[in-house]
There are 2 protein chains.
Amino acid sequence: MPERQGGETLLFLTDEQLRQGIEAMFFAYQGFTADPDRILATMAYGRAHHRAVHFIARIPGTTVNNLLAILGVTKQSLNRVLRTLIEDGLVESRVGTVDKRERHLYLTEAGKSLEQKLSDAQRGRMRTAYRNAGPEAVAGFRKVLEAMMDPEMRRRYQAMRDKGT
Amino acid sequence: MPERQGGETLLFLTDEQLRQGIEAMFFAYQGFTADPDRILATMAYGRAHHRAVHFIARIPGTTVNNLLAILGVTKQSLNRVLRTLIEDGLVESRVGTVDKRERHLYLTEAGKSLEQKLSDAQRGRMRTAYRNAGPEAVAGFRKVLEAMMDPEMRRRYQAMRDKGT
DNA sequence: TTGGAATGTCAACAAAGCTGACGTAATGTG
DNA sequence: CACATTACGTCAGCTTTGTTGACATTCCAA
């Protein structure tokens, strides 16, 4: 019973449909973080460490400032996490060669090993979800997620994506 | 150049593709919570209050225990949030009639008003994302999110969804 | 009727976010 | 060169939101 008010998509946009989308995001995110969280709980690390390690793996040599912008936290908050990772020998911080104020961040072998472990767990769930939903659904999934990002984050995301592909 | 290894979907499942999905979830969730967070920051509330208020609105009369299971936190953590909401007159807690151990939770008028405000903000972004992505993408989006949930949460989600629709 | 299970509350603590202030080194600019 | 700015680190202190442990009340079943 669409009332053909002008666009074919209008039927989707009832508050109820939107609310279901909101709840789907909430419950899916729970699942999304559950597996790595379980691993992290056995060590002295939390989700914040996971995020840092993930993006250092993704962008080796990234600066503290860049990581800050990606994660959207304050430097004090990130610094606490980074300090423990460096102390524990998972992350290496090298003074920049061209600009010596910058610190470039790299994973050590131990860091790569942890990242791999966490990443494997998280990818496992993602792989299963992708398989069960099928390729068309996956394309739609990514399209909506991109549309939901803040513009600046979308820029960052797309830049990373295009570099990796 | 798919190598037709057995399924048409195999091409999607490179680690790189999965990693992009993971990052899309991360950045999208940032956006997803950004608008309500901004509103909450102007009051003495946080994301935990939002979640509680959302599901009490969604399931009026729900018990503390049920809310606990949905939110996936400890009862002590939820209790703190509920206490402030009750003190501030946003939530009403009624002792159960059949089982007096249970507390049934309801939003007051003030609670409904706050819920509406937060919900409007969050739905606004969701609506824009849905519009930009199109109805097919939305279907895929929801399909993948459902596949990503823990089975128990998926059950809960679907029950709520089917009741609301 | 009594003991265990379920429900919810209080207390104390931990992780991870925040603001503000400050120091240092390097860089850029008038 | 002098001075402002940038990048980073750190200290102190606070807030939110998670945790475990102990405990009161209520219900139910042996």
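In what follows, every heavy atom counts, from backbone to side chain, and hydrogens, waters and symmetry copies are set aside. Just so it is clear, the model here is predicted, and its values are computed rather than measured. Proteins come first, then strands; the chains are lettered A, B, ... in the order of their sequence lines, and each starts at number 1.
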Q. Could you walk me through whether A/Arg51 and A/His54 pass the side-chain contact (heavy atoms from CB on, under 4.5 Å) check?
A. CA-CA 5 Å; A/Arg51 291 198 283 258; A/His54 173 100; 5.7 Å; no
Heavy-atom side-chain contact between [X] and [Y] under 4.5 Å:
| X | Y | result |
| --- | --- | --- |
| B/Lys143 | A/Glu136 | no |
| A/Asp88 | A/Tyr45 | yes |
| B/Arg125 | A/Asp150 | yes |
| A/Lys75 | A/Val64 | no |

Q. CZ/B/Phe26 to NE2/A/His50 distance, rounded to the nearest 0.5 angstrom?
A. 10.0 Å
How long is the line joining [atom1] of [X] and [atom2] of [N], in whole Å?
| X | N | atom1 | atom2 | result |
| --- | --- | --- | --- | --- |
| B/Glu102 | D/dT26 | CD | C1' | 11 Å |
| B/Leu67 | C/dT7 | CG | P | 14 Å |
| A/Asn66 | D/dT6 | CG | P | 17 Å |

**Q.** Axis deviation across the helix from C/dT1-D/dA30 to C/dG30-D/dC1, five-pair ends, to the nearest 10°
**A.** 20°
**Q.** A/Glu16/B/Arg58 salt bridge by N-O under 4.0 Å criterion
**A.**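 A salt bridge is present here (some side-chain N lies under 4.0 Å from a carboxylate O).
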**Q.** salt_bridge(B/Arg38, B/Asp35) N-O dist < 4.0 Å
**A.** yes
Q. CD of A/Gln158: more than 12 outside heavy atoms within 6.0 angstrom?
A. yes
Q. In residues 32-62 of chain B, which residues come under 4.0 Å of DNA chain C by heavy atom?
A.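 Close to the strand, none.
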Q.
Let's see if you get this right: which residues in residues 71-101 of chain A place a heavy atom under 4.0 Å from DNA chain C?
A. A/Gly72, A/Val73, A/Thr74, A/Gln76, A/Ser77, A/Arg80, A/Val98, A/Asp99, A/Lys100, A/Arg101
Q) Looking only at atom types and distance, does a side-chain atom of B/Thr33 sit under 3.5 Å from a main-chain N or O of B/Tyr29, one as donor and one as acceptor? A)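 Checking the backbone N and O of B/Tyr29 against the side chain of B/Thr33, a donor-acceptor pair under 3.5 Å is found.
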(Q) For D/dT6 and A/Asn65 - does any side-chain N or O of the residue sit under 4.0 Å from the phosphate oxygens OP1/OP2? (A) no
